[in-house]
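None of these values were measured; they are calculated from a predicted model.
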Amino acid sequence: MPDRAPQPVDRQLPTDEARDLISLVRDIAQREIAPRAAEEEDAGRFPRELFTLLSESGLLGLPYDSEYGGGEQPYEVYLQVLEELATARLTVGLGVSVHTLASYALAAYGTKEQQAEHLPAMLGGGLLGAYCLSEPASGSDAASLRTRAVRDGDDWVITGTKAWITHGGVADFCTVMARTGEEGSRGITAFLVPGDAEGLSAALPEKKMGMKGSPTAQLHFDGVRVPDARRVGEEGQGFAIALAALDGGRLGIAACAIGLAQAALDEALGYAAERRQFGKPIADFQGLRFMIADMATQIEAGRALYLAAARLRDAGRPYAKQAAMAKLHCTDTAMRVTTDAVQILGGYGYTADFPAERYMREAKVLQIVEGTNQIQRMVIARHLAGPETR
C-alpha cells in the first residue's frame, strides 16, 4: 500500500521561538522516533537513548525556569510539543509528560538550595524521572496510601510499595509520596529519592495491552534512607503537592491523547485514499467520509479544550476543572478515533502490519492513568455542583 504523507497540524503559536521549537520537535520525531516506533513497541524496548537526545535538545524541562536549565515555555507551547511527540510514538510523549510531572514538586515547592542542587540535572542533564503516588491498594483513593516515611535523626526511612509506576526500574529519580503523620490526606509528605538508592528495587515490568515500550512496574522501598534535605515542601504538604502536579499532568495526558488520535486519523486518511473498492477509493464513500469528518472534529475540539486550559494555567488562573474536562474529553476522543481507524482499515486494521491496532490498544490506558475518567467526572461535578452530601 503506497504511503500518503500526513499534513502537519496547523498550529497557532505565540512566538517565533515556539514555531522554531515545533519545527525542531517535528524533525526529531520524523528522523529519530517514528521510524523505530512499531518495531520497538512490538519488542517491548524502552528507547532510553531517545530521552537522552530529548534532554540534550532541551525538551525535558520546557515549562520550567531557564535559571535551572528549563525552557521557560508556556504550557500552551509545552503541550503542543507533547502532542507532536505522541503522534510519532506515545511511549515518548507520555514519557516526557511523566518526567515533567516528576519534576514538578521540586520546581514548584523546593527551596532555592534544593532547586539549585537538583533541577539542572533533572531538566537538562540527561536524568529521567518517575512519579510515585499510586499503590497496590491505593489508586483512585490516593489519600489512603500506606508507604511510610519515619524520621530517624536527620534522615527519613521509607518503607512500602508503589504501583503502576511509569519508568519503574529505569528512572534516575523518583518523586515519592509517603505517610509521615496521621491517616488521610494531611499526613502525607513528598520526597525526592535517587533511583539508585539502597533498598529501592523494581519488580518485573507489567505485561500490558499496549505501551509495551514504556516500562510500568511496582517499586519496593525496603528501608530506603533519604536525608531531610530531600524532603520537598513542608511535612504534611505532600498530598496538596500531588494534586497540584496532577492538574498539570492531566493536561499532558490530554495532549498525548490528541497526538495519538491525530496519528490514527492520519493513518485512516492515508489508507482510505489508496484502498479501492467498487472501482474507486473508499474515501469517496459517504459513510466513510462522515466517519473521517467526525474523527477530525473530535480531535480539533480536544485540542482547543486542552489549549484553553493551558492558557488559564499560564495566566495564573484556576484551571483544575478545565484540566479534568480536557483529560476526560481528549482520552475518550482517542479511544473513539483509534477504534474508528481500525474500522476504516477493515481486516487490515486488525493486523499488526498496520499501526491502527497498536493505536487502539494504546488509547485505552489514557482513560485510566492520572485519574480514571470516572474520577475526572467526579472532579468536574464537584466544581459545578459542590461536594457530595455526606
Side-chain angles (χ1 to χ4, degrees), residues 1-11 22 25-43 47 50 80 82-94 209-214 253-277 280-303 330-367:
M1 191 71 61
D3 290 332
R4 175 184 181 274
Q7 297 299 308
V9 173
D10 183 15
R11 301 194 178 279
I22 290 295
V25 173
R26 285 175 173 167
D27 182 59
I28 292 174
Q30 292 169 7
R31 287 189 298 105
E32 304 292 343
I33 301 176
R36 303 156 45 185
E39 179 182 355
E40 292 191 345
E41 287 296 327
D42 185 57
L50 287 180
Q80 294 187 78
L82 281 189
E83 185 191 329
E84 292 282 347
L85 293 172
T87 300
R89 184 177 178 185
L90 184 59
T91 284
V92 177
L94 188 71
M209 177 191 299
M211 294 283 291
K212 296 180 180 181
S214 176
I253 297 300
C256 286
I258 293 302
L260 181 65
Q262 185 68 55
L265 175 60
D266 291 342
E267 176 69 13
L269 283 169
Y271 182 85
E274 300 295 340
R275 174 69 168 172
R276 299 182 67 86
Q277 293 287 276
K280 58 182 179 180
I282 63 172
D284 284 353
F285 293 103
Q286 187 180 69
L288 190 145
R289 294 171 78 87
F290 283 4
M291 288 178 68
I292 289 173
D294 286 344
M295 293 161 75
T297 300
Q298 290 162 11
I299 290 170
E300 288 289 351
R303 184 176 291 124
C330 293
T331 59
D332 281 353
T333 289
M335 194 73 251
R336 286 193 298 269
V337 168
T338 56
T339 301
D340 284 347
V342 170
Q343 188 71 20
I344 288 171
L345 268 69
Y348 292 111
Y350 201 68
T351 71
D353 294 328
F354 291 77
E357 61 85 29
R358 171 165 60 87
Y359 297 154
M360 183 178 174
R361 288 186 288 105
E362 291 177 341
K364 185 62 208 174
V365 76
L366 299 176
Q367 295 177 302

Heavy-atom distance under 4.5 Å between the side chains of L366 and L90, does that happen here?
-> yes
Between I258 and G302, what is the shortest heavy-atom contact and its length?
-> CD1-CA, 3.9 Å
Not counting sequence neighbours, which residues clear salt bridge (charged side-chain N to carboxylate O under 4.0 Å, His left out) with E32? List them please.
-> none
Of the non-hydrogen atoms in P47 and R89, which two are nearest, and what is the gap between them?
-> CG-NH1, 3.5 Å
Check: I282 main-chain N/O paired with R275 side-chain donor or acceptor under 3.5 Å = no
With sequence neighbours left out, the residues meeting side-chain contact (heavy atoms from CB on, under 4.5 Å) with Y350 are none
Are the side chains of M295 and T333 in touch, meaning some heavy atoms are under 4.5 Å apart?
-> no
Worked check of side chain to side chain contact (heavy atoms under 4.5 Å, CB included) between I292 and I344 | CA-CA 9 Å; I292 289 173; I344 288 171; 4.0 Å; yes
Do R336 and D340 sit within salt-bridge range, that is, some charged N less than 4.0 Å from a carboxylate O?
-> no
Taking all non-hydrogen atoms of both residues, which atom of A255 and which atom of L82 are closest, and how far apart?
-> CB-CB, 4.2 Å
Qualifying residues under side-chain contact (heavy atoms from CB on, under 4.5 Å), relative to M335, sequence neighbours excluded = T338, T339, M360, A363, K364, Q367
At what distance, to the nearest 0.5 angstrom, does CG of D27 lie from CD of E84?
-> 11.5 Å
Among all residues two or more places apart in sequence or in another chain, which pass the salt bridge (charged side-chain N to carboxylate O under 4.0 Å, His left out) test with R303?
-> E83, E300
Would you please test Q262 and L265 for side chain to side chain contact (heavy atoms under 4.5 Å, CB included) and show each step?
-> CA-CA 5 Å; Q262 185 68 55; L265 175 60; 4.1 Å; yes
I would like to know whether L94 and M211 meet side chain to side chain contact (heavy atoms under 4.5 Å, CB included); could you show each step before the answer?
-> CA-CA 10 Å; L94 188 71; M211 294 283 291; 3.1 Å; yes
Any ion pair linking E40 and K212 (charged N to carboxylate O, less than 4.0 Å)?
-> no
Please report the shortest heavy-atom distance between A334 and A261, naming the atom on each side.
-> CA-CB, 4.0 Å
Closest heavy-atom pair and its distance - P281, A272 = CB-O, 3.8 Å
Approximate separation, where rounding is to 0.5 Å, of C330 SG and I253 CD1 | 11.0 Å
Are side-chain N/O atoms of E41 and T91 paired as donor and acceptor at under 3.5 Å?
-> yes
Using 30° and 60° as the class limits, which term best fits the ring planes of Y348 and F354: parallel, tilted or perpendicular?
-> tilted
Any side-chain heavy-atom pair from M209 and V365 closer than 4.5 angstrom?
-> no
Any side-chain heavy-atom pair from I33 and L50 closer than 4.5 angstrom?
-> yes
Is there any side chain to side chain donor-acceptor pair (under 3.5 Å) pair reaching into residues 281-297, and which pairs are they, with sequence neighbours excluded?
-> none
Excluding sequence neighbours, so at least two apart, what forms salt bridge (charged side-chain N to carboxylate O under 4.0 Å, His left out) with R276?
-> none
So which heavy atom on V342 is nearest to which on A356, and how close?
-> CG2-O, 3.6 Å
Verify side chain to side chain contact (heavy atoms under 4.5 Å, CB included) between R26 and V9, making sure each step is shown before the conclusion.
-> CA-CA 11 Å; R26 285 175 173 167; V9 173; 4.2 Å; yes
Below 4.5 Å, heavy atoms only, C-beta onward: do R361 and R358 meet side chain to side chain?
-> yes
